[in-house]
> 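I have a structure here, written as structure tokens, and I will follow up with some questions on it.
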Amino acid sequence: MQIRRVRRTAIFTAVTAACLLSCSAGTDDTSGGVGTRDTSRSSSAPAPADATVQENAAVSPTPAASPGPELVRDAFAGLQATLNDACTPGSGDCAYFLGRVHEEVMGLDAAMKADPKGPGHFPEPIAWIDGLRTTLDGDTSTENLETHRTQLIGVRDRINVWMRDHPDDYR
């Protein structure tokens with residue numbers, strides 16, 4: 001009975017390690033070229049289970065590289081996800097909502113500025129966000145966001161309308 005449990009654990013560990021390696025093998029694109037793959041780690045034959053477990057034990061975990069700014073499409077989707085949310089001013093339930101709207105607006109700003117089309121392609125939204133940034137003056141506390149709630153929500157809504165008039169930028 002004990003041998004079966006050890007065998008099952010070893011097999012499960014080996015299969016899990018093999019799956020993790022196969023998921024990560026060949027997906028790194030460090031060259032930056034379109035359509036290129038790093039195939040140096042992939043193999044057509046699966047590695048023996050013992051070799052896979054030993055390889056995993058020898059590899060030390062490294063932190064993942066930062067992926068960079070979001071695409072405008074993805075950042076806009078995050079902003080749109082806040083459209084059906086709301087809160088009652090002064091009720092205390094606005095902290096999360098206003099913080100999230102602020103975070104999504106600033107994420108969209110970064111994505112627009114990093115877009116290959118250039119920030120000049122998004123002049124109005126970037127100007128609205130810059131105006132909001134000036135108004136907030138770096139203070140993203142709940143109290144300050146509640147004080148400028150109307151402007152924050154207004155910027156979100158104007159950006160939504162502007163982006164819907166420019167569907168090429170988010171589809």
Side-chain angles (χ1 to χ4, degrees), residues 15-42 59 61-171:
V15 169
T16 303
C19 289
L20 289 172
L21 281 175
S22 69
C23 288
S24 64
T27 58
D28 293 349
D29 183 11
T30 56
S31 65
V34 176
T36 60
R37 276 179 53 166
D38 177 11
T39 58
S40 62
R41 291 185 294 161
S42 64
V59 175
T62 57
S66 175
E70 281 184 287
L71 296 173
V72 171
R73 170 190 74 212
D74 297 336
F76 181 56
L79 186 67
Q80 282 187 307
T82 68
L83 290 174
N84 292 328
D85 295 340
C87 68
T88 307
S91 66
D93 63 347
C94 288
Y96 171 76
F97 169 69
L98 294 175
R100 180 165 178 226
V101 171
H102 177 263
E103 183 178 311
E104 296 295 343
V105 166
M106 295 305 151
L108 183 60
D109 182 53
M112 287 177 171
K113 289 177 179 175
D115 191 79
K117 295 175 186 174
H121 185 73
F122 305 98
E124 291 92 353
I126 289 175
W128 299 327
I129 295 169
D130 286 343
L132 175 65
R133 188 177 283 117
T134 300
T135 299
L136 295 175
D137 194 30
D139 182 3
T140 58
S141 66
T142 301
E143 295 80 27
N144 196 39
L145 292 177
E146 281 201 35
T147 300
H148 301 289
R149 178 182 197 275
T150 304
Q151 185 176 2
L152 177 62
I153 302 302
V155 167
R156 178 200 65 181
D157 294 345
R158 282 186 296 196
I159 290 171
N160 181 52
V161 170
W162 190 93
M163 290 295 288
R164 295 176 118 209
D165 287 341
H166 298 82
D168 298 347
D169 295 320
Y170 69 92
R171 289 190 181 162

> Using 0.5 Å steps for rounding, measure from the CG atom of Asp74 to the CG atom of Leu79.
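Asp74 CG to Leu79 CG: 13.0 Å, rounded to 0.5 Å.
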> Can you tell me how far OG1 of Thr82 sits from NE2 of His102, rounded to the nearest 0.5 angstrom?
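These two atoms lie 13.0 Å from each other.
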> First locate atom NE2 of His121, then atom NE2 of His166, and finally report the distance between them rounded to the nearest 0.5 Å.
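Reported to 0.5 Å precision, the distance equals 6.5 Å.
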> Check the pair Asp157 / Leu83 against side-chain contact (heavy atoms from CB on, under 4.5 Å), numbers first and verdict last.
CA-CA 8 Å; Asp157 294 345; Leu83 290 174; 3.9 Å; yes
> To the nearest 0.5 Å, tell me how far Ile159 CD1 sits from Asp109 CG.
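If I round to the nearest 0.5 Å, the distance is 8.0 Å.
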> Carefully, step by step, assess Phe122 and Leu108 under the rule side-chain contact (heavy atoms from CB on, under 4.5 Å).
CA-CA 11 Å; Phe122 305 98; Leu108 183 60; over 6 Å; no
> To check you understand the geometry: which heavy-atom pair defines the closest contact between Leu132 and Leu152, and what is its length?
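For Leu132 and Leu152, the tightest heavy-atom pair comes out as CD2-CD1, 3.5 Å.
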> Val72 and Met163: side-chain contact (heavy atoms from CB on, under 4.5 Å), yes or no, with the steps?
CA-CA 10 Å; Val72 171; Met163 290 295 288; 3.6 Å; yes
> So how far is it from Ile129 CD1 to Lys113 NZ, rounded to the nearest 0.5 Å?
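Between atom CD1 of Ile129 and atom NZ of Lys113 there are 7.5 Å.
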> Heavy atoms only: give me the nearest Cys94-Arg149 pair and the separation to one decimal.
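What the structure gives for the nearest pair is SG-NE, 4.3 Å.
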> Taking Asp137 for its side chain and Asp139 for its backbone only, find out whether a donor-acceptor pair lies under 3.5 Å.
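No.
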> Do Asn160 and Arg156 have side chains that approach each other closer than 4.5 Å (heavy atoms only, starting at C-beta)?
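Asn160 does not reach Arg156 side chain to side chain.
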> For residues Asp85 and Arg100, determine if any side-chain heavy atom of one lies less than 4.5 Å from a side-chain heavy atom of the other.
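Yes, their side chains come closer than 4.5 Å.
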> To the nearest 0.5 Å, what is the distance between CD (Gln151) and CZ (Arg158)?
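Nearest 0.5 Å value for the CD-CZ distance: 7.0 Å.
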> What closest approach, in Å, do Asn144 and Leu136 show between heavy atoms, and which atom pair accounts for it?
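Distance-wise, the nearest heavy atoms are ND2-O, 3.1 Å.
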> Nearest heavy-atom pair of Ala75 and Glu104: which atoms, and what distance?
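The answer is O-OE1, 4.0 Å.
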